[in-house]
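We name chains A, B, ... by the order of the sequence lines, and we start the count at 1 in each one.
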Number of protein chains: 2
Amino acid sequence: MAQTSEREILKKLRADGHKLTPQRRAVVRALWLSHRHMTPAQVHTAVCEEREDVGLVTVYRTIRMLAEMDLVCEISTDGHQRTYLLRRPPEHHHHLVCSVCGRVVDFTSNDVERLQQRLASETGFSIESHIVEFVGRCVACQQRCQTTDTAH
Amino acid sequence: MAQTSEREILKKLRADGHKLTPQRRAVVRALWLSHRHMTPAQVHTAVCEEREDVGLVTVYRTIRMLAEMDLVCEISTDGHQRTYLLRRPPEHHHHLVCSVCGRVVDFTSNDVERLQQRLASETGFSIESHIVEFVGRCVACQQRCQTTDTAH
DNA sequence: TTGAGTGCAAAGTGTTTGCATGATC
DNA sequence: GATCATGCAAACACTTTGCACTCAA
């Protein structure tokens, strides 16, 4: 169901009829190495540290490809900026994002599944997915900025 | 805490040092009349039905002003499009969005509050807000497109 | 009267697309 | 070697900003 290694992801790409170019490998590697959600621009920066001949456009295209294959998880941390994280087991997770440093902690909860069932039966909706995201300050950032009020 | 009438919103704007122009009244009214999340463009369209001399820019500026005063609730239905809904009591709510027609159903749940407390104590985060959003198909859209798989 | 608010057009974002070149299978 | 992928630049959609004019207080 979900891949457990970088190599398996590449295998899936090939199985899906995509070519394994060095650029794609690099993008997958960058995503694989990061355990935080990244914007396409951040992925691009990371990729370029390894090899400079990768265009931002290719990063976008590769991410889109991965998203279509459901291999990455997309969230919009701020509404105008999408970030991506490789899906790894355990499968379904939610996010707790630090509003100061951007750190993302994943968590799972069956409260959410229960709520989903309740909603489905109450509204008649056929629920396909959900976004559950908490925003706050991680311990480190709380200590660092005790007085600041908003970190927009 | 939360305003219960259009007039109270205008009062808050004035109290916050903003002038009550006809354009602003029109934007507030459009938001007030709608019980669905709207994009700035949709708000603009609605406003223009009443008076044509309101620019899209003004809608953006007014919405931003309302957002800064925390009088509207912003969500990004799709990641690249923000929608707004006037905050009305009961205060905190979540969303169930139809992926086909875009209809938004609000709901409240104390499961979410409970989960938030659990997370705070487990991770040490000081949680400031959360986004809980379910996406699915409403009853009407389920009937309309029984065979279709994706609606993008 | 006067500073805040407006509309227009232009500039900024982040993202996608057209096209010729280049690489994978 | 045919096809798919790349990179560049240009196009896009949404949002913000600069500026002269206008209006609410």
Side-chain angles (χ1 to χ4, degrees), chain A residues 7 9-31 37-48 50-69 72 74-84 102 152, chain B residues 7 9-31 37-48 50-69 72 74-84 102 152:
Chain A
R7 184 176 301 177
I9 300 168
L10 297 174
K11 200 185 288 179
K12 286 198 179 187
L13 292 192
R14 185 155 33 194
D16 213 49
H18 302 288
K19 291 181 178 170
L20 293 188
T21 65
Q23 290 92 335
R24 285 182 178 166
R25 288 171 190 274
V27 170
V28 168
R29 159 144 300 183
L31 286 167
H37 283 261
M38 302 166 93
T39 62
Q42 288 172 329
V43 173
H44 183 234
T45 304
V47 164
C48 285
E50 200 182 325
R51 39 183 310 137
E52 301 201 339
D53 62 340
V54 180
L56 180 56
V57 185
T58 297
V59 173
Y60 272 103
R61 283 194 273 229
T62 305
I63 288 177
R64 174 132 62 111
M65 186 182 73
L66 293 169
E68 279 166 3
M69 294 178 68
V72 289
E74 174 189 297
I75 62 172
S76 343
T77 296
D78 197 15
H80 60 288
Q81 183 82 67
R82 279 174 271 185
T83 62
Y84 301 86
H152 192 176
Chain B
R7 184 176 301 176
I9 299 168
L10 297 174
K11 200 185 289 180
K12 286 197 179 185
L13 292 192
R14 184 154 34 194
D16 213 49
H18 302 288
K19 292 183 179 171
L20 293 189
T21 65
Q23 290 90 336
R24 285 183 178 168
R25 288 172 190 275
V27 170
V28 169
R29 158 143 302 181
L31 286 166
H37 283 260
M38 301 166 93
T39 62
Q42 288 171 328
V43 173
H44 183 234
T45 304
V47 164
C48 286
E50 201 181 325
R51 39 182 309 136
E52 301 201 339
D53 61 340
V54 180
L56 180 57
V57 184
T58 296
V59 173
Y60 272 103
R61 284 194 273 230
T62 305
I63 288 177
R64 175 133 60 115
M65 185 182 72
L66 294 169
E68 279 167 2
M69 296 179 66
V72 289
E74 173 189 298
I75 61 171
S76 346
T77 297
D78 196 15
H80 60 287
Q81 183 81 63
R82 279 174 271 187
T83 63
Y84 301 86
H152 187 96

Report the nucleotide, chosen from D/dT17, C/dC25, D/dT6, that has the shortest atom-to-atom distance to any side-chain atom of A/Leu20.
-> C/dC25
Test log, rule side-chain contact (heavy atoms from CB on, under 4.5 Å), inputs B/Leu31 and B/Leu66 | CA-CA 11 Å; B/Leu31 286 166; B/Leu66 294 169; 3.6 Å; yes
Whole-Å distance between C/dG7 C1' and B/Asp53 CG?
-> 10 Å
For A/Arg82 and A/Glu74, indicate whether the former's side chain and the latter's backbone hold a donor-acceptor pair under 3.5 Å.
-> no
C/dT15 P sits how many Å from A/Met65 CE, rounded?
-> 17 Å
Can you check the A/Ile63 CD1 to D/dA5 C1' distance for me, whole Å?
-> 16 Å
From the options D/dA5, C/dA9, C/dT16, select the nucleotide whose nearest atom is closest to the side chain of A/Thr21.
-> D/dA5
If only side-chain N and O atoms of B/Arg61 are considered, is one of them under 4.0 Å from the OP1 or OP2 phosphate oxygen of D/dT16?
-> no
What is the nucleic acid contact for B/Arg64, judged by heavy atoms within less than 4.0 Å: base, sugar-phosphate only, or nothing?
-> sugar-phosphate
Would you mind telling me which of C/dC8, D/dT3, D/dT6 lies closest to the side-chain atoms of A/Lys19?
-> D/dT3
For B/His18 and for A/Val57, locate the closest nucleotide of DNA chain C by heavy-atom distance; then report the residue assigned to the nucleotide nearer the 5' terminus.
-> B/His18
Between P of D/dC14 and CE of B/Met38, the distance in whole Å = 15 Å
Sub-3.5 Å donor-acceptor pair from the side chain of B/Arg14 to the main-chain atoms of B/Leu20, do we have one?
-> no
A/Tyr60 OH to D/dC8 C1', straight-line distance once rounded to whole Å = 16 Å
Heavy atoms from other residues, nucleotides or ligands near CZ of A/Arg51 exceed 12 (cutoff 6.0 Å) = yes
Roughly, in whole Å, what's the span from CZ in A/Arg24 to C1' in D/dT6?
-> 9 Å
Round to the nearest Å and state the distance from B/Arg51 atom CZ to C/dG5 atom P.
-> 16 Å
Whole-Å distance between D/dC8 P and A/Leu56 CG?
-> 11 Å
